[in-house]
Amino acid sequence: MATTDDRPIGVYDSGMGGLTVWRALRAELPAESLLYLGDGKNCPYGTRPAGEIRRLADAAVAALVAEGCKLVVVACNTATAAAIGYLREKYAPMPLVGMEPAVKPACLATRSGVVGVLATERSLDGELFRRTAARYGAGVEVIAAAGTGFVELVERDAEESAEAEACVRRAVEPMLRRGADQIVLGCTHYPFLLPVLRRVTAGSGATIVDPSPAVARRTAQLLDRYGLRASGAQAPRYDFITFADDAYRERLRSKARAAWGE
Ligand code: DGL
């Protein structure tokens, strides 16, 4: 007989970016309670040394486990790249889902043979990205660029500013000039910049690849495999915690509401 489990799923990011994954999880798994931890105090992670990110990710997962989470989604590419193996080993048998850079679907879908990948510095120089690009990028030109300033813009709710448009242009236009027809968003903050990204890529025919729906589907598979689906007997709860202050927690809550379209 299939078992059920009404404890929440933990969702963790350096800050507000993981809310793009939170939104995909909520859509894919409407019966599940979600406990979101946006560090906030140490954001951005993207330029920190890998060892420091591992320590921060460990503290975050420990906090979510202490709150009673049944599974944790590391909704941060940078923390996944720096720490997922370590976290899986340390917190076994609890399942952990990490962010995959969506290089594989982009390399399979490209017609021009040129794929652009936007991510943080630390994700791009990590083993995970190098391995994935080498594995699926044979015969494809993979152009990687750091989304310099993107995370800070999202954290300031400045996604629609002229500054945001200038930042996105600086990173994306060189990819388009080289013929990229797939632009992979390799950082969970970046889908908040989708309206600007669409403006900048308009007319180029390029597709923007957001991996969050695939991560939500992967989470659903793991819930089934481990017998962890919510029973559906109670309404799901959406809670928010942070290592920053109460004001930041309120901002997480209202950004989540806006991301959900409320
Ligand atoms: N949202 C994160 C990611 O997916 C990290 C951004 C940051 O803190 O630099 O990589």
Side-chain angles (χ1 to χ4, degrees), residues 10-25 34 36-61 64 72-87 96-103 106 116-130 132-133 144-159 164 167-168 171 183-194 197 208-216 218-219 240 242-244 248 251-252 255-256 259:
V11 187
Y12 154 59
D13 180 44
S14 63
M16 301 182 174
L19 292 171
T20 60
V21 180
W22 176 91
R23 171 176 56 192
L25 287 164
L34 303 174
Y36 185 92
L37 191 161
D39 177 335
K41 190 171 163 197
N42 304 289
C43 184
Y45 284 7
T47 47
R48 291 179 189 273
E52 193 181 334
I53 298 167
R54 200 171 308 128
R55 189 177 51 73
L56 295 169
D58 188 11
V61 174
L64 289 167
V72 171
V73 179
V74 179
C76 175
N77 295 71
T78 310
T80 300
I84 197 74
Y86 168 81
L87 296 170
L96 276 122
V97 181
M99 298 300 299
E100 282 284 328
V103 175
V117 180
L118 293 166
T120 67
E121 264 176 55
R122 199 54 63 245
S123 291
L124 292 176
D125 69 17
E127 184 55 28
L128 183 61
F129 173 68
R130 260 205 299 272
T132 322
T148 307
F150 288 19
V151 169
E152 291 84 347
L153 286 160
V154 171
E155 291 289 320
R156 281 185 1 237
D157 290 328
E159 294 93 319
C167 269
V168 169
I183 308 283
V184 176
L185 304 185
C187 168
T188 55
H189 279 74
Y190 299 176
F192 277 118
L193 291 157
L194 261 175
L197 280 157
I208 298 164
V209 188
D210 171 6
S212 58
V215 170
R218 172 82 189 132
T219 306
F240 299 85
T242 180
F243 293 149
Y248 191 81
R251 292 193 53 223
L252 283 174
K255 203 161 181 101

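What you are looking at is a predicted structure, and each value in this text was computed from that prediction instead of being measured. Just follow the structure's listing: the first ligand is 1, and inside any ligand the first atom is 1.
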Reference residue L118; test side chain to side chain contact (heavy atoms under 4.5 Å, CB included); the match among V184, I183, V168, L193:
I183
M99 pairs by side chain to side chain contact (heavy atoms under 4.5 Å, CB included) with which of D13, L128, T188, I84?
T188
To the closest 0.5 Å, what do you measure between OH (Y190) and CG (L153)?
10.5 Å
Electrostatic pair E52-R122, nearest N-O below 4.0 angstrom
no
With a 4.0 Å heavy-atom cut-off, what residues sit around ligand 1?
D13, S14, C43, P44, Y45, G46, C76, N77, T78, T120, V151, C187, T188, H189
List the steps, then state whether side-chain contact (heavy atoms from CB on, under 4.5 Å) holds for R251 with D157.
CA-CA 10 Å; R251 292 193 53 223; D157 290 328; 3.2 Å; yes
Contacts of A259 that satisfy side-chain contact (heavy atoms from CB on, under 4.5 Å) - sequence neighbours left out:
R23, F192
